**Student:** 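What follows is a single structure, and I will ask about it in a moment.
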Amino acid sequence: MNRPLRYYSTNRRVPPVSLAEALLQGQAADRGLFMPDHLPQLDWSRLSEFQQASYPEVAEYVLQHFTAELATPEQLRSWCREAYSFQVPLERVTQRHYLLRLDRGPTASFKDFAARMMARWMSHLMQQQAEELIILTATSGDTGSAVAHAFHRVPRIRVVVLFPQAEVSDRQRRQMTTLGDNITTWAVAGKFDDCQALVKEAFADPDFRKYHLSSANSINIGRLLPQSVYYVYAYLQLAEVAQREPITFSIPSGNFGDMMGAMLAWKMGLPINKLIIATNVNDEFPRFLQSGQYQKIVPSHVGLSNAMNVGHPSNLARLIDLYGGWLDETGLMREPADMVAMRRDLFATPVSDERTRHTIRETYQRHQVLLEPHGAVGWAGVMDYVHQHPDAEHQLVVSLETAHPAKFPEEIRQILQIDPPLPPSLSGLDERTEQYSTLPADYATFKRQLRQHLA
Ligand SMILES: *Cc1c(COP(=O)(O)O)cnc(C)c1O
């Protein structure tokens, strides 16, 4: 039996807590991010049993390592079945290179995977404690809709979503603003970073202490644990498990929550060869990996892959922590990370908007594979990696498609002159009534509005 997992803060000024505590707090009181104090190891004698298992079965196997104190195995099993009731296709593009489509959930982005499991964990905790929870979350486009859908009409939970007014697509916005009930959405006249700063400020504000306030952002550890599952799933579907064949993943990255899911799976023993971290024009991480000097981008640049317009990824503090360093909440490197190990494990590459469009065009023409801007950044990352490591042509590589092309119809139409087919999850959206209010990127105003809303 593994010893119980505890979650410490990357700033290490508060004592470690249980998963339930970490889920409810979101961010630690010292403004650090929670990290598991050790990682349970995948059992190779059992893994082969899961080789062609369904997604819910793999999810149950992986997540049971984390939820022993939270729920019974039967509860976890039914959560996995309910949450993952959609397809998780692996599409072959070339002989050994695949696309993992994480876009078949109810809001058509990979964020459904974490949000749907987290909603079940949170609502379970609130029922146990007979309390009300306020989920306060900032979104660059897809978190908001995934969280809003996952928590819609869940008793004992109210959701407030902040999004950057001019930086989300029409359909992304409609997915959040047409729900109503316990879901409230506010458009901020600013960037994603402004939204995130407002949320972080509220969490640290003593005036909100009387509420159970939690974030469903990827600063919440509950977002990362379920995101380790699809890496294990892809591996089990494609790799020679008996030989422990190594695999490389390419991850289109913004706030680095997705890539932290891969890091967790890696630390649990998944034989990962390399992680390709593909960013858009917000290239603070590729620069850092090259120079060793971290400099956040303020304000963040506006790129085509809007969910990745992040100039200072919150989860970078977790990555630096894993490599022995300390990055504080302001983006200051207090202790250096092991850059040699980081460069061995990670390949980081920035992809311009022009290349993103080119990749969408080329992948469609050459392979009849339809990508959207985020997945195209990931695929361009694979191209860059293979260019520098010709061996990788024959190695198992999986690139993540993190959203459905129909979420970005204007771009796809412009680049390919086709209309991406609408998945069932998005049909009817354009006709529903929206409801949201607008807010300046100013904490005092935001605070007043939030207090009124919660009163
Ligand atoms: C959020 C998002 C990303 C970036 O994921 P991070 O975990 O923030 O790195 C990439 N693609 C899409 C479609 C997203 O919604």
Side-chain angles (χ1 to χ4, degrees), residues 33 99-115 118 137-150 161 163-164 167-169 171-173 175-176 192-193 195-196 215-228 230-231 249-264 275-280 282-286 300 303-319 346 348 350-351 356 360 371-381 399-408 411-412 425-426:
L33 302 185
L99 204 65
L100 174 60
R101 289 209 184 260
L102 302 172
D103 59 358
R104 304 295 157 96
T107 68
S109 92
F110 85 97
K111 296 204 170 72
D112 285 325
F113 284 80
M118 209 169 122
T137 195
T139 183
S140 55
D142 292 323
T143 291
S145 53
V147 166
H149 273 260
V161 182
F163 67 90
E167 287 181 21
V168 305
S169 79
R171 279 194 183 140
Q172 281 177 318
R173 191 190 64 246
Q175 285 182 307
M176 308 182 259
F192 168 67
D193 297 326
C195 301
Q196 184 150 282
S215 146
N217 273 29
S218 57
I219 56 177
N220 196 308
I221 189 73
R223 276 283 298 279
L224 303 187
L225 301 177
Q227 287 175 185
S228 63
Y230 41 77
Y231 296 98
F249 289 103
S250 181
I251 309 166
S253 294
N255 237 335
F256 283 24
D258 201 359
M259 79 87 71
M260 277 306 299
M263 288 303 306
L264 293 178
L275 292 183
I276 302 168
I277 312 301
T279 70
N280 65 14
N282 292 282
D283 61 351
E284 65 286 341
F285 187 72
S300 54
L304 201 55
S305 41
N306 61 11
M308 289 156 49
N309 291 337
V310 183
H312 174 43
S314 6
N315 281 293
L316 195 52
R318 286 189 163 112
L319 184 73
L346 310 174
V351 177
T356 304
I360 292 175
L371 294 169
E372 54 68 58
H374 304 79
V377 168
W379 192 255
S399 189
L400 274 53
E401 175 50 291
T402 47
H404 196 284
K407 272 192 129 166
F408 306 92
E411 285 301 337
I412 302 295
S425 57
L426 296 179

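One-based numbering, in listed order, for ligands and for the atoms of each. All heavy atoms count here, side chains included; hydrogens, waters and symmetry mates do not. Treat the numbers as computed from the prediction; the structure is a model and nothing was measured.
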**Student:** If we set the cut-off at 4.0 Å for heavy atoms, which region of Met259 has an atom near ligand 1: side chain, backbone, both, or neither?
**Tutor:**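 Looking at Met259 and ligand 1, no heavy atom falls under 4.0 Å.
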
**Student:** Side chains of Leu99 and Leu371: closer than 4.5 Å at any heavy-atom pair?
**Tutor:**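 Heavy-atom side-chain distance check passes, below 4.5 Å.
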
**Student:** Go through the side-chain N and O atoms of Asn220 and Arg223 and say whether any donor and acceptor fall under 3.5 Å apart.
**Tutor:** no

**Student:** Using distance alone, decide if ligand 1 has a nitrogen or oxygen within less than 3.5 Å of any nitrogen or oxygen in Lys111.
**Tutor:** yes

**Student:** Could you say whether the N/O atoms of Phe256 and ligand 1 ever approach to under 3.5 Å?
**Tutor:**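 Right, the criterion is met.
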
**Student:** Hey, is ligand 1 close enough to Ala307 that some N/O pair sits below 3.5 Å?
**Tutor:**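 Between Ala307 and ligand 1, no N or O pair is found under 3.5 Å apart.
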
**Student:** Which ligand 1 atoms are under 4.0 Å away from a heavy-atom of Asp142?
**Tutor:**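 So the atoms of ligand 1 that pass are 12 (C), 13 (C), 14 (C), 15 (O).
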
**Student:** Measuring from Ile360:CD1 to Phe408:CZ, what's the distance to the nearest 0.5 Å?
**Tutor:**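 Answer rounded to 0.5 Å: 9.5 Å.
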
**Student:** Check each atom of ligand 1 against the heavy atoms of Ser253 and keep those under 4.0 Å away; list them by number with element.
**Tutor:** 9 (O)

**Student:** Evaluate Gln227 for polar contact with ligand 1, using N/O atom pairs at a separation under 3.5 Å.
**Tutor:**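 No, Gln227 has no N/O under 3.5 Å of an N/O on ligand 1.
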
**Student:** Pairs of nitrogen or oxygen atoms closer than 3.5 Å, one from His374 and one from ligand 1: do any exist?
**Tutor:** no

**Student:** So, regarding Ser109 and ligand 1 (criterion: nitrogen or oxygen to nitrogen or oxygen, under 3.5 Å), is there a contact or not?
**Tutor:**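 It does not: no N or O of Ser109 is found under 3.5 Å from an N or O of ligand 1.
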
**Student:** Go through the steps to decide whether Asp258 and Tyr231 satisfy the test side chain to side chain contact (heavy atoms under 4.5 Å, CB included), and finish with yes or no.
**Tutor:** CA-CA 10 Å; Asp258 201 359; Tyr231 296 98; 2.9 Å; yes

**Student:** Just wondering, do Glu372 and Asp103 contact through their side chains at under 4.5 Å, heavy atoms?
**Tutor:** no

**Student:** For ligand 1, which atoms sit closer than 4.0 Å to a heavy atom of Pro252?
**Tutor:**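 Listed by number with element: 4 (C), 10 (C).
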
**Student:** When you measure from atom 4 (C) of ligand 1 to every protein heavy atom, which one gives the shortest distance, and what is it?
**Tutor:** Gly254 N, 3.6 Å

**Student:** Got a second to check how far Phe110's CZ is from Tyr230's OH, nearest 0.5 Å?
**Tutor:** 5.0 Å

**Student:** Write out the residue and atom name of the closest protein heavy atom to atom 7 (O) of ligand 1, then the distance separating them to 0.1 Å.
**Tutor:** Asp258 N, 2.8 Å

**Student:** May I ask you to list the atoms of ligand 1 that are less than 4.0 angstrom from any heavy atom of Gly257?
**Tutor:**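 Every atom of ligand 1 under 4.0 Å from some heavy atom of Gly257: 6 (P), 7 (O), 9 (O).
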
**Student:** Check this for me - ligand 1, Phe110, N or O atoms closer than 3.5 angstrom, yes or no?
**Tutor:**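 Looking only at distances, the answer is no, because the N/O contact criterion of under 3.5 Å is not met.
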
**Student:** Going by distance alone, is a donor N or O of one side chain under 3.5 Å from an acceptor N or O of the other, for Ser300 and Asn309?
**Tutor:** no

**Student:** Thr402 versus ligand 1: do any nitrogen or oxygen atoms come within less than 3.5 Å of each other?
**Tutor:**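 Right, the criterion is met.
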
**Student:** Which residue and atom name correspond to the protein heavy atom nearest atom 8 (O) of ligand 1, and how close is it?
**Tutor:** Asn255 N, 2.7 Å

**Student:** To the nearest 0.5 Å, how far apart are CZ in Phe163 and OG1 in Thr143?
**Tutor:** 13.5 Å

**Student:** Could you tell me which non-hydrogen atom of Ala278 sits nearest to which non-hydrogen atom of Val377, and how far apart they are?
**Tutor:**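 Answer, listing the atom of Ala278 first, then Val377: CB-O, 3.4 Å.
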
**Student:** Restricting to non-hydrogen atoms, name the atom on Ala348 and the atom on Phe285 that form the minimum distance, rounded to 0.1 Å.
**Tutor:** CB-CD2, 3.8 Å

